[in-house]
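Structure first, then comments.
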Amino acid sequence: MSRPLRLTVLASGRGSNLQAIIDSIDTGRLNAAIVIVISDNEDAFALKRAAANKLPHIFLDPARVSNSQEYDLLLAEKIKQQGVDLVVLAGWMRLLGQGFLDKFPDQVINIHPSLLPAFPGLNAQKQAFEYGVKYTGCTVHFVDAGVDTGPIIAQQIVPIDPDDTLESLTKRILIEEHLLYPRVIQLFSENRIYKDGRKVRIK
Ligand code: GAR
């Protein structure tokens, strides 16, 4: 087996996707190692999950700098110190600028709780639910400087049932997120993902 893929996970909140990645590594379904978990929110439950799993973790305080470019520089520096292969956004709620992304070409991915390009941005589940679409889901994509606009790597469809509530729908999407994200990261670990313009191919 090849060496484990070195991951940095960026998380602003609850960290359930972080947990799914940790569990997939622990059960041998994902050949990766989380080298650091970074949060921009001191109270993020993701940091507690990292601590509970004895993973290196830091709170990188946005108040330390005066603008988002400076924050990006600080963040890039921390990540580079660890020598990572893939930067995994898991409920990361800050936009990353082009300056940051240029330092990690094709190495930053995100998960979003809708079938992009539908319903980008905040509260994607609610947007889909209120729009009345019959199918929604989740998307893993490369990150570019737009809001949820990067090349799509993989998607999972979730049908919306007539008796769904926003809560039940959100829960079902999250279950699929927890399956899809570790699977996609494993494909990176096997070197099977490559970009062909906006299209992402899986070997
Ligand atoms: C997840 O549903 C993720 O898809 C979403 O935030 C939640 C984080 O949950 N991300 C976005 O909306 C990004 N645009 P988690 O902290 O429990 O993983």
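Note that the numbering runs from 1 along the sequence shown for the chain. Numbering of ligands and ligand atoms starts at 1, following listing order.
Shortest contact from atom 9 (O) of ligand 1 to any protein heavy atom: R14 NH2, 3.1 Å. Of the protein's non-hydrogen atoms, E177 OE1, 3.2 Å is the one closest to atom 1 (C) of ligand 1. The protein heavy atom nearest to atom 12 (O) of ligand 1 is P113 CD, 3.4 Å. At the top of the distance list for atom 10 (N) of ligand 1, counting protein heavy atoms only, stands I111 O, 3.6 Å. With respect to atom 8 (C) of ligand 1, the closest heavy atom belonging to the protein is G91 CA, 3.6 Å. Among protein heavy atoms, atom 14 (N) of ligand 1 sits closest to H112 ND1, 3.1 Å.
Remark: the Q81 side chain and the E77 side chain contain no N/O donor-acceptor pair separated by less than 3.5 Å. Looking only at atom types and distance, the side chain of H57 has no donor-acceptor partner in the side chain of S39 under 3.5 Å away. With 3.5 Å as the limit, one finds a donor-acceptor pair spanning the side chains of Q155 and T139.
Between atom 18 (O) of ligand 1 and the options N17, L95, L122, the minimum heavy-atom separation is to N17.
When ring centroids are compared, F142 and F188 come within the 6.0 Å threshold.
Ring geometry for W92 against Y71 counts as parallel: the plane angle stays under 30°, on a 0 to 90° scale with 60° as the upper cut.
Seen from the ring of F104, K80 counts as a face-on cation partner, given the 6.0 Å and 45° thresholds.
The shortest N or O to N or O distance between S16 and ligand 1 is under 3.5 Å.
At least one heavy atom of M93 sits less than 4.0 Å from an atom of ligand 1. Ligand 1 lies less than 4.0 angstrom from a heavy atom belonging to G15.
Under 4.0 Å is where a charged nitrogen must lie from a carboxylate oxygen, and between R3 and D85 at least one such pair does.
When non-hydrogen atoms are compared, ligand 1 lies under 4.0 Å from the side chain of D148 (C-beta onward) but not from its backbone.
Contact check for S16 versus L174: side-chain heavy atoms found under the 4.5 Å cut-off.
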